[in-house]
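None of the values given here were measured: they were computed from a predicted structure. For ligands, and for the atoms within them, numbers begin at 1 and follow the listed sequence.
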Amino acid sequence: KRHKFWETQPVGQFKDVGDPSLPEGPIEPPTPLSEVKQEPYNLPNLYEWITCDMNSEDMCTEVYNLLTNNYVEDDENMFRFNYSKEFLRWALHPPGYFKSWHIGVRVKSSKKLVAFITGVPARIRARDAVVNMAEINFLCVHKKLRSKRLAPVMIKEVTRRVHLENIWQAAYTAGVVLPTPISTCQYWHRSLNPKKLIDVGFSRLGARMTMSRTIKLYKLPDSTATPGFRKMEPHDVPAVTRLLRNYLSQFLVAPDFDEDDVEHWLLPRDDVVDSYLVESPETHETTDFVSFYTLPSSILGNQNYSTLKAAYSYYNVSTKTPLLQLMNDTLIVTKRKDYDVFNALDVMQNESFLKELKFGPGDGKLHYYLYNYRINHVLRPSELGLVLL
Ligand SMILES: COc1cccc(CC(=N)NC(=O)c2cccnc2OC2CCNCC2)c1
């Protein structure tokens with residue numbers, strides 16, 4: 001039976017899509033905290049809950065190893081996301097985070113970590129309403145424990161712990177269709193190291209294309225073109241916050257970033273997140289901004305390479321420099337830093353540069369979801385201003 005679990009949850013149900021009588025906003029009202037289940041949900045007998053302190057080196061290593069061996073793979077099972085420990089600590093420790101929302105499942109006897117799910121707090125605007133939500137991510141069940149129906153109980157447990165902090169909505173993405181996407185985005189890839197991408201099977205040599213012709217096709221200049229293009233620094237936080245808040249206000253769903261959020265999510269961290277801005281040489285005004293995060297993938301079963309170094313487009317703002325030129329400068333920077341590929345979703349205004357900068361469409365889609373919040377019309381990707389890690 002399809003979606004046995006999701007039909008029991010306060011999410012847009014397929015049968016309700018397009019029913020104008022259902023108002024936008026929360027699907028269920030908050031329950032009084034005294035009525036929220038105080039004790040954890042029951043796990044199958046052999047397993048126990050553990051709250052994961054990601055500041056503990058050992059715990060962070062256990063989580064890293066579980067994800068490295070059991071997290072999301074591409075449709076052809078050739079690659080698996082390989083989030084670094086530094087990335088995980090960054091992703092899970094934003095301002096106001098709750099350690100109790102970093103949930104693991106252990107085998108009681110061996111103490112082996114076999115499953116994981118997380119939430120972090122985020123203020124997200126849906127149309128004109130700014131809503132305190134949990135961003136749910138890193139749901140992972142060990143390959144050997146699949147189809148034991150662990151995921152539904154993990155989702156219920158993270159929901160229960162989110163409710164205990166008086167938060168009633170959530171946002172999440174998935175490569176699979178569940179009830180009911182608020183938007184469905186296409187991902188695109190821009191080759192930076194085409195020879196390696198073809199060797200590992202990420203890309204294929206185009207018809208009537210030689211390898212040398214392909215290398216030439218994706219070649220990039222050594223230096224960026226935009227005067228005043230530089231790395232973001234701590235003193236830029238106020239200006240970048242203003243720029244980003246203004247830019248994101250045009251989208252129907254977008255984060256409501258304040259300076260603390262911008263400081264955490266967008267100040268550069270080596271091999272985790274990079275951000276650049278354009279400071280006008282004349283006026284010293286900050287006019288544009290680009291950012292990307294670093295998410296390598298393990299290459300499963302290739303003799304010559306074990307890791308794909310990938311950059312993922314994060315938040316970009318263009319007010320003076322054409323977005324095309326801004327993104328081309330970003331490609332130049334990522335090539336210079338030895339990335340193999342630059343990935344982007346067709347969200348925000350990304351569609352305006354994808355084809356022209358030689359991105360190719362990926363073979364899958366990324367669906368966006370809100371929990372306990374109805375939006376009556378499915379958003380076009382260009383109406384979506386939210387990028388999850
Ligand atoms: C190349 O290595 C891969 C390893 C695992 C999965 C995929 C395909 C895939 N599922 N890609 C995406 O979901 C994706 C493609 C472009 C941009 N962001 C993405 O996902 C982000 C956001 C959601 N959480 C994972 C990272 C590729």
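Contact annotation: for Asp75 versus ligand 1, there are no heavy atoms closer than 4.0 Å. At a heavy-atom distance under 4.0 Å, no atom of Val387 approaches ligand 1. If you look at Phe342 next to ligand 1, there are no close heavy atoms at all, none under 4.0 Å. With a 4.0 Å heavy-atom cut-off, ligand 1 is reached by the side chain of Tyr293 but not by its N, CA, C or O. Of the heavy atoms in Phe81, both backbone and side-chain atoms come closer than 4.0 Å to ligand 1.
Here the two rings, on Tyr71 and Phe116, have centers that are 6.0 Å apart or farther. For an aromatic pair to be called close, the ring centres must be under 6.0 Å apart, and Tyr312 with Phe342 fails this. The six-membered or imidazole ring of Tyr315 lies away from that of Tyr247, with a centre-to-centre distance of 6.0 Å or more. Aromatic ring centroids of Tyr293 and Tyr314 lie under 6.0 Å apart. Separation of the Tyr83 and Tyr64 ring centroids does not fall under the 6.0 Å cut-off.
Using a 3.5 Å distance cut-off with no hydrogens or angles, the side chains of Ser280 and Glu282 do pair a donor with an acceptor.
Atom 24 (N) of ligand 1 has as its closest protein heavy atom Leu389 O, 3.1 Å. At the top of the distance list for atom 17 (C) of ligand 1, counting protein heavy atoms only, stands Tyr312 CD2, 3.3 Å. In this structure, atom 8 (C) of ligand 1 lies nearest to the protein heavy atom Tyr187 OH, 3.5 Å.
Side-chain heavy atoms closer than 4.5 Å link hydrophobic residues (I, L, V, M, F, W, Y) into clusters, and following such links, possibly through other members, connects Phe229 to Met327.
At under 3.5 Å, a nitrogen or oxygen of Ser297, whether backbone or side chain, sits near a nitrogen or oxygen of ligand 1.
With atom 22 (C) of ligand 1 as the reference point, the heavy atom nearest to it among Ile299, Leu388, Asp74 is part of Leu388.
The ligand atoms of ligand 1 that sit less than 4.0 angstrom from a heavy atom of Tyr83 are 24 (N), 25 (C), 26 (C).
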